[in-house]
Every structure is written in structure tokens, then in C-alpha cells.
Amino acid sequence: MEKYRGKLKKQIWINAAAAAILVAVQILAFSQVIDPLAADNHWADMWNGFIAGASMGVMALFIVGIILGIRALMNEKALKKLYIKENDEREKNIAIEARSAGAQIFLIGGLVAGIVAGYFSVTVSITVIACILALSVISGILMLIYRKKY
Amino acid sequence: MKTNIRELRKERKLSQEELAEAVGTTRQTITSIEVGKYIASLPLAYKIAKYFGKTIEEVFDFSDMEEQ
């Protein structure tokens, strides 16, 4: 449990650093030091609003993580509960299967989308195919690593 | 896979939550194992069997595997 306590402390610091970065980006955006890239002012405003909203949402997640972490560190029972929740083998298996199936669907769907997009936009088609290629290469490298590991 | 976990639990008047906490897993995992939707890993099966003072074969029914 001591090892997990240390890991949790590290997670809290990472969450705090990430939240601080988001706050800094928001301050820079509101003071117009940085502006979102968009073709015209209408889209720039919309995009800025979307990015600001998304930042708030992600920041809320980080803050919830920090609060849960601190609460668990102060209470042994809550710490054990969080440890079990994070290390439950069934939950881990569900996550692995869901991600694996998701990646396969993304690969097949993306390949079809990339080909179809080729008839409408070269940029979109190349971007989609590049994403699929990157995912395939990363999956292949990870497979080699895990084959050596197990 | 069939198991005797529910029977063993009831004998000892133990809730799923209590068993889950004792073996370091969640109540949902115990429920899934009991209804045969999830097969426990060897370490978890060992922990459950040890908790009840039984062998793995006494808690988990491997007859389906023997048929295969």
C-alpha cells in the first residue's frame, strides 16, 4: 500500500501541474497573447469558446482527481477502496478488451473513411490515412515489445 | 464456470462486499464470478479459496474444462 501511496502522490502532482498549465493557457488566451488559428473572426470566436469550454471540463477532471487523491491519502479505508477500484482485474480486462476492440474498429473504419475521403479532399484523406498508419505502426511495435515481455 | 462461492458465502453469512474487500477486489467482480460471467485469474481464485480455507478445485468447478 505504501508503493500505491507514493504513486498517488505523484498522480496528484501531475494533475496539479496539468491544471496549472491549462490555467496559464486560459490566461494567455483571455489576454489575447495567443489566438486560435481560424480562417475568419466568426470561426475564431467559436473555436476560442470551444477550446475554453473544453479546457474548463478537463481542468474539472484534474481537480476532481486531486480531491479524490488527497481524500484517499488522508483516510486509510478510502485509500484501500481506491486501490481496489484501480487494480480490480475484471475492470482491467474490460478496459483492455474495450480499447482493443475500439482500436480495431478505428483501424477498419478509418481505412474506409480515408479511401472515401480521397474522393472529396486530399488533405482529409491523407490525414486520416496517416493516423491509421501511425496507429498500425504503434500497435505493431507494442506487439513486438509485449511478445518479448511475455 | 460454476463456483461454490455463493454457497460458501451464505454458510458464513458473508456479503459480496465483505468478501470482495477481504480478497482485494470489487463487489461487481464477485457478482460476475458467482454468476459465471467472469473467470477469476489464478491469483484471485487462490485468494478466494484461501479465504474460505479450501483448495481452488473445491471452490471452482473445472468439469467444463475437463470435457473440452
Side-chain angles (χ1 to χ4, degrees), chain A residues 1-12 14-15 60-105 139 142-150, chain B:
Chain A
M1 204 52 82
E2 276 312 303
K3 206 175 162 188
Y4 180 65
R5 198 184 282 273
K7 189 186 157 195
L8 201 58
K9 276 181 192 167
K10 229 183 257 175
Q11 265 178 14
I12 291 170
I14 291 169
N15 278 355
L61 287 177
F62 287 135
I63 290 166
V64 168
I66 292 168
I67 292 168
L68 286 177
I70 291 172
R71 220 178 66 177
L73 284 177
M74 293 196 315
N75 181 339
E76 201 62 34
K77 211 175 171 185
L79 183 72
K80 196 182 173 193
K81 210 172 175 181
L82 194 66
Y83 174 80
I84 287 173
K85 199 179 161 195
E86 278 188 16
N87 291 282
D88 180 52
E89 61 171 53
R90 180 174 151 270
E91 286 299 326
K92 277 186 179 175
N93 281 337
I94 290 170
I96 290 167
E97 277 196 37
R99 282 182 202 138
S100 169
Q104 276 180 15
I105 292 166
S139 298
L142 288 174
M143 265 185 168
L144 287 174
I145 291 169
Y146 286 125
R147 274 198 188 123
K148 273 193 176 174
K149 193 178 172 185
Y150 300 113
Chain B
M1 179 185 274
K2 287 177 194 162
T3 76
N4 298 323
I5 297 173
R6 183 169 286 164
E7 290 73 23
L8 290 164
R9 242 186 351 95
K10 284 189 176 163
E11 270 175 25
R12 288 161 176 77
K13 294 189 172 67
L14 203 67
S15 70
Q16 287 181 333
E17 189 77 53
E18 286 165 329
L19 174 63
E21 208 184 318
V23 297
T25 191
T26 59
R27 186 191 56 76
Q28 289 87 343
T29 300
I30 296 294
T31 308
S32 293
I33 295 169
E34 279 187 4
V35 297
K37 270 167 70 179
Y38 177 72
I39 299 174
S41 68
L42 189 57
L44 182 58
Y46 173 74
K47 277 185 197 171
I48 294 170
K50 197 181 172 195
Y51 181 79
F52 288 120
K54 307 255 180 204
T55 62
I56 290 178
E57 289 94 332
E58 284 171 325
V59 179
F60 295 87
D61 181 6
F62 292 95
S63 56
D64 289 353
M65 285 184 165
E66 280 163 14
E67 282 167 20
Q68 287 169 7

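It should be emphasised that the depicted structure is a prediction, and the values quoted were computed from it without experimental measurement. Every chain is numbered from 1 and lettered A, B, ... according to where its sequence line falls, protein lines coming before strand lines.
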Q) Please walk me through it: do B:Phe60 and B:Ile39 pass side chain to side chain contact (heavy atoms under 4.5 Å, CB included)? A) CA-CA 10 Å; B:Phe60 295 87; B:Ile39 299 174; over 6 Å; no
(Q) With side chain to side chain contact (heavy atoms under 4.5 Å, CB included) as the criterion, how do B:Ile48 and B:Leu8 come out once you've worked through the C-alpha distance, each side chain's angles and the decisive distance to 0.1 Å? (A) CA-CA 10 Å; B:Ile48 294 170; B:Leu8 290 164; over 6 Å; no
Once you leave out hydrogens and angles, what donor-acceptor pairs under 3.5 Å do chain A and chain B share?
| unit_1 | atom_1 | unit_2 | atom_2 | d |
| --- | --- | --- | --- | --- |
| A:Lys80 | NZ | B:Glu21 | O | 3.4 |
| A:Asp88 | OD1 | B:Thr25 | OG1 | 2.4 |
| A:Asp88 | OD1 | B:Thr26 | N | 3.4 |
| A:Asp88 | OD1 | B:Thr29 | OG1 | 2.9 |
| A:Asp88 | OD2 | B:Thr26 | OG1 | 3.2 |
| A:Asp88 | OD2 | B:Thr29 | OG1 | 2.7 |
| A:Glu89 | OE1 | B:Ser41 | OG | 2.4 |
| A:Glu89 | OE2 | B:Tyr38 | OH | 2.8 |
| A:Glu89 | OE2 | B:Ser41 | N | 2.9 |
| A:Glu89 | OE2 | B:Ser41 | OG | 3.4 |
| A:Arg90 | NE | B:Ser32 | OG | 3.1 |
| A:Asn93 | ND2 | B:Tyr38 | OH | 2.9 |

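Here the CE-CG distance, from A:Met74 to A:Leu79, works out to 12.0 Å after rounding to the nearest 0.5 Å. A:Leu8 contributes atom CG, which lies 4.5 Å from atom CG of A:Leu73 (distance to the nearest 0.5 angstrom).
Enclosure of atom CZ in A:Arg5 by more than 12 non-hydrogen atoms of other residues, nucleotides or ligands within 6.0 angstrom is indicated.
A side-chain contact (heavy atoms from CB on, under 4.5 Å) with A:Ile12 is found for exactly one of A:Leu68, A:Ile67, A:Ile66, namely A:Ile66.
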